[in-house]
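For reference, the structure is listed below as structure tokens.
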Amino acid sequence: MLGIVTVTKNRSELVIRLLYYYAKIRCPYTIYIGDSSSEKHIQKTRSVIDKLKCKIKIVYELYPNQSGPASMNKMLENVQENYVAYIGDDDYLIPNSLA
């Protein structure tokens, strides 16, 4: 299948919006999030992940003090699917178009 990968830093509100969107449309793909945020943003994001983990598959990894490209490289090592799509933490992909 496909993994959707994003990295973020201190933009929990965007990641949360992204997760709610994918949960609402019942996205069949794994969402991979590499997070370099401060503790305040991490707590907010984790709270929503805990609420939504029964609706969508989320892999959430912390990469403290890492740049976006460094986080992305590390996150890509976790992807188990054959295909991957990258999105910014403020972007959306429509799962039906990815199929």
Side-chain angles (χ1 to χ4, degrees):
M1 277 277 235
L2 173 79
I4 299 174
V5 178
T6 191
V7 294
T8 190
K9 184 172 184 177
N10 295 330
R11 292 168 41 123
S12 57
E13 65 281 351
L14 297 175
V15 174
I16 290 167
R17 182 180 70 178
L18 180 78
L19 293 174
Y20 275 115
Y21 165 74
Y22 284 123
K24 182 177 181 179
I25 63 168
R26 296 193 167 111
C27 179
Y29 306 119
T30 304
I31 312 300
Y32 292 86
I33 303 168
D35 197 343
S36 300
S37 298
S38 66
E39 189 60 35
K40 177 180 101 173
H41 288 276
I42 291 169
Q43 288 176 2
K44 288 180 183 179
T45 302
R46 277 195 171 147
S47 173
V48 172
I49 289 171
D50 287 342
K51 289 179 191 175
L52 299 177
K53 66 184 175 187
C54 63
K55 296 182 180 192
I56 55 175
K57 185 175 178 186
I58 304 166
V59 175
Y60 182 67
E61 298 290 337
L62 298 178
Y63 300 112
N65 304 314
Q66 295 289 316
S67 67
S71 296
M72 175 59 73
N73 285 335
K74 289 182 179 185
M75 195 74 235
L76 288 173
E77 293 174 7
N78 294 320
V79 175
Q80 300 297 309
E81 290 77 10
N82 292 328
Y83 301 98
V84 65
Y86 167 76
I87 57 171
D89 58 7
D90 60 345
D91 296 334
Y92 295 95
L93 291 174
I94 301 169
N96 288 345
S97 69
L98 298 172

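All residue numbers refer to positions in the sequence shown, counting from 1.
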Let's go through I33 and L18 carefully: what are the C-alpha distance in whole Å and the side-chain angles of both, what is the deciding distance for side-chain contact (heavy atoms from CB on, under 4.5 Å) to 0.1 Å, and is it a yes or a no?
CA-CA 11 Å; I33 303 168; L18 180 78; 5.7 Å; no

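- Clustering ILVMFWY residues whenever any of their side-chain heavy atoms sit less than 4.5 angstrom apart, transitively, puts V84 in a cluster other than the one holding M1.
- Both I16 and I25 are members of a single hydrophobic cluster when ILVMFWY side chains are connected at heavy-atom separations under 4.5 Å.
- With values rounded to the nearest 0.5 angstrom, Q66 atom CD is found 10.0 Å from N73 atom CG.
- From E77, atom CD reaches atom CD of E61 across 10.5 Å, with rounding to the nearest 0.5 Å.
- A donor-acceptor pair under 3.5 Å is formed between the side chain of S36 and the backbone N or O of Y63.
- Within the 3.5 Å criterion, the main-chain N or O of H41 finds a donor-acceptor partner in the side chain of T45.
- For the side chain to side chain contact (heavy atoms under 4.5 Å, CB included) test with R17, the passing option among L19, L14, V15 is L14; the others fail.
- No chain of hydrophobic side-chain contacts below 4.5 Å, direct or via other Ile, Leu, Val, Met, Phe, Trp or Tyr residues, connects Y29 to L76.
- Within the 4.5 Å cutoff, the side chain of T30 has no heavy atoms near those of the Q80 side chain.
- Distance alone, capped at 3.5 Å, places no donor-acceptor pair between the Y60 side chain and the D35 backbone.
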In sequence, state the C-alpha distance, the side-chain angles, and the governing distance for I87 and V5, and then conclude on side-chain contact (heavy atoms from CB on, under 4.5 Å).
CA-CA 6 Å; I87 57 171; V5 178; over 6 Å; no

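- Put simply, the side chain of I58 reaches to within 4.5 Å of the side chain of I56, judged on heavy atoms.
- Interatomic distance, C27 SG to K57 NZ, rounded to the nearest 0.5 Å: 12.0 Å.
- Considering OG of S37 and NZ of K9, their distance stands at 8.0 Å, rounded to 0.5 Å.
- Heavy atoms of other residues, nucleotides or ligands lying less than 6.0 angstrom from OH of Y83 number 12 at most.
- Atom CG of D50 has more than 12 heavy atoms from other residues, nucleotides or ligands within 6.0 Å.
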Determine, step by step, whether L62 and R46 satisfy the side-chain contact (heavy atoms from CB on, under 4.5 Å) criterion, reporting the C-alpha distance in whole Å, the side-chain angles of both residues, the deciding distance to 0.1 Å, and the verdict.
CA-CA 11 Å; L62 298 178; R46 277 195 171 147; 3.2 Å; yes

Candidate pair T6 and D91, rule side-chain contact (heavy atoms from CB on, under 4.5 Å), full reasoning:
CA-CA 9 Å; T6 191; D91 296 334; over 6 Å; no

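- Scanning both residues, S38 and N10, for their nearest heavy atoms gives N-OD1, 2.7 Å.
- Linking ILVMFWY residues whenever their side-chain heavy atoms come closer than 4.5 Å, directly or via other members, places Y92 and L2 in the same cluster.
- With a 4.5 Å cut-off on side-chain heavy atoms, Y22 and P95 count as touching.
- The shortest distance between side-chain heavy atoms of D89 and V7 does not fall below 4.5 Å.
- Transitive grouping of hydrophobic side chains (ILVMFWY, heavy atoms separated by less than 4.5 Å) brings Y20 and I94 into a common cluster.
- With a 4.5 Å cut-off on side-chain heavy atoms, I31 and V59 do not count as touching.
- The shortest side-chain heavy-atom distance between R26 and K55 does not fall under the 4.5 Å cut-off.
- Side-chain contact of E81 with Y32: a donor-acceptor pair under 3.5 Å is present, judged by distance alone.
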